[in-house]
**Q** 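Structure incoming, see below.
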2 protein chains.
Amino acid sequence: MRASASKKPPGTNTELKIKAAARVVFHKKGYAGTRTRDIATEANMNLALLNYYFKSKKHLFELVMLETVTTFFQTMGFVFNDESTSLEKKIELVAEKYIELIMKEPQLPLFMMSEIRNHGASILEKLPAANMILNSVFIKQFKEAADKGKISEPDPIHFLMNIMGLIVFPFISSPMIKKIGKLNDHQFDSLMLYRKKRIPVWVKAMFK
Amino acid sequence: MRASASKKPPGTNTELKIKAAARVVFHKKGYAGTRTRDIATEANMNLALLNYYFKSKKHLFELVMLETVTTFFQTMGFVFNDESTSLEKKIELVAEKYIELIMKEPQLPLFMMSEIRNHGASILEKLPAANMILNSVFIKQFKEAADKGKISEPDPIHFLMNIMGLIVFPFISSPMIKKIGKLNDHQFDSLMLYRKKRIPVWVKAMFK
DNA sequence: GTCTATAACGTGATAGAC
DNA sequence: GTCTATCACGTTATAGAC
């Protein structure tokens with residue numbers, strides 16, 4: 001006999017299954033490209049259940065989107081606001097955490113970028129991501145290093161763009177990369193694991 | 001009195017207008033997100049004309065897509081296969097040409113990546129892009145430099161990913177970048193112009 | 001070639017039985 | 001809570017007049 005163990009209501013089982021299926025399909029096909037029927041099928045559920053648990057396709061999408069974007073920025077937030085790690089260590093951790101995250105969910109970056117372009121402002125408004133980053137320990141450490149002349153580029157926005165570009169771009173362009181490099185999925189993953197170690201080295205060299 | 005100047009039939013005027021409108025709308029909203037009515041409106045045309053000149057939405061899309069992808073890779077092809085320029089010069093030219101191209105059409109990279117993910121293989125099969133790059137003068141020069149120990153990373157695929165990541169990622173993530181950096185459109189463009197000069201420097205430092 | 005009207009179909013959502 | 005059947009609507013595509 002199982003006691004009702006959790007403190008917060010986790011939602012029913014079917015509700016969770018639907019949301020998980022929605023995540024998979026939305027991430028793969030985007031909002032405009034997914035059919036609610038695809039989600040139902042992916043969840044092994046009836047179509048009517050989608051509208052019973054979640055009012056509409058739009059509402060379900062917004063739930064998924066918010067969770068996805070939150071996850072993405074939290075990964076950065078945890079690393080960037082750790083008082084106990086150095087600037088160099090933070091670069092290593094960001095590369096490590098993001099490459100691990102995206103290897104588990106390769107669709108994530110392209111999904112986020114596409115849908116933010118389409119549904120734009122409204123998504124980003126809901127998140128305190130901008131200030132979370134601007135006021136982070138990371139930025140403070142970066143500016144200190146820049147003031148001491150240890151960094152050749154004073155604007156941290158380039159630092160951020162470069163790190164994230166090196167991490168994220170290969171995943172976004174993976175079909176092309178695989179084609180050009182004549183790589184299968186496994187070989188592509190190996191390259192990304194290799195980059196996990198090399199990106200911090202490259203970044204340090206760039207800004208030295 | 002205008003002579004019929006061109007050698008190849010350019011298509012009628014309305015046909016070209018429709019295709020131009022289709023490019024704009026498809027680039028902005030993607031295949032699944034665009035309505036044929038949107039294209040007709042953008043072109044100031046009647047909806048029926050779309051199907052008269054181009055058989056279907058899908059067919060029109062494939063024309064646009066092929067032209068877009070071709071343009072994208074040709075930009076790389078011209079630079080990479082110039083026998084008269086050095087490896088270093090090629091890096092400068094790629095950064096310059098792509099940043100200029102994408103500043104004129106900011107939707108281009110995200111459109112390409114998204115639609116290649118969806119309609120996948122079929123698009124890339126039509127292009128000899130992979131071999132064009134692999135057999136390029138650029139790759140030859142890269143390998144020569146690597147053999148002489150002038151480059152710390154022997155696999156050119158990382159070189160390519162890094163250059164393109166530094167160039168393309170900021171555009172793909174521009175809504176986030178603008179939010180995080182509290183930038184307006186003009187300030188964002190200034191950053192990209194700055195990067196046009198800096199990316200070659202960064203790339204050289206990375207692989208030295 | 002261009003237009004209006006409409007057919008044919010797909011999709012989001014709901015009613016109502018169980 | 002779950003299912004089947006169906007509605008209401010938007011969208012692509014075409015028929016047919018001009």
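Each chain gets a letter, A, B and so on, in the order the sequences are listed, and its residues count up from 1.
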**Q** Taking atom C1' of D:dG10 as reference, at what distance in whole Å does atom CZ of A:R35 sit?
**A** 11 Å
**Q** Determine, for A:Y31 and A:K57, whether the Lys NZ or Arg CZ falls below 6.0 Å from the six-membered ring centre while staying within 45 degrees of the axis.
**A** yes
**Q** Cation-pi check, B:K90 to B:F138: give yes when NZ or CZ is under 6.0 Å from the six-membered ring centre and within 45° of the ring axis, no otherwise.
**A** no
**Q** Please tell me whether A:F207 and A:H158 form a close aromatic pair, meaning their ring centres lie under 6.0 Å apart.
**A** no
**Q** Starting at atom CG of A:D38, determine the distance to atom C1' of C:dG12, rounded to an integer number of angstrom.
**A** 13 Å
**Q** Answer yes or no: is there an ion pair linking B:K19 with B:E67, defined by an N-O contact shorter than 4.0 Å?
**A** yes
**Q** B:L50 has an atom CG; how far is it from atom C1' of D:dA13, in whole Å?
**A** 11 Å
**Q** Measure CG/A:N51 against C1'/C:dT11 and give the value in whole Å, please.
**A** 11 Å
**Q** Please tabulate the protein-to-nucleotide N/O contacts below 3.5 Å involving nucleotides 1-6 of chain C, giving atom names and distances.
**A**
residue : atom : partner : partner atom : Å
C:dT2   : OP2  : B:T14   : OG1          : 3.3
C:dT2   : OP2  : B:Y53   : OH           : 2.6
C:dT4   : OP2  : B:N46   : ND2          : 3.1

**Q** Is B:E100 paired with B:K104 through a side-chain N to carboxylate O contact shorter than 4.0 Å?
**A** no
**Q** Would you mind reading off the distance between B:K58 atom NZ and D:dT11 atom C1', rounded to a whole angstrom?
**A** 17 Å
**Q** Can you measure A:K57 atom NZ to C:dT11 atom C1' for me and round it to whole angstrom units?
**A** 8 Å
**Q** Would you please classify the geometry between the B:W202 ring and the B:Y194 ring as parallel, tilted or perpendicular, with 30° and 60° separating the classes?
**A** perpendicular
**Q** Report yes if a side-chain nitrogen or oxygen of B:T36 is closer than 4.0 Å to either non-bridging phosphate oxygen (OP1 or OP2) of D:dT12; otherwise report no.
**A** yes
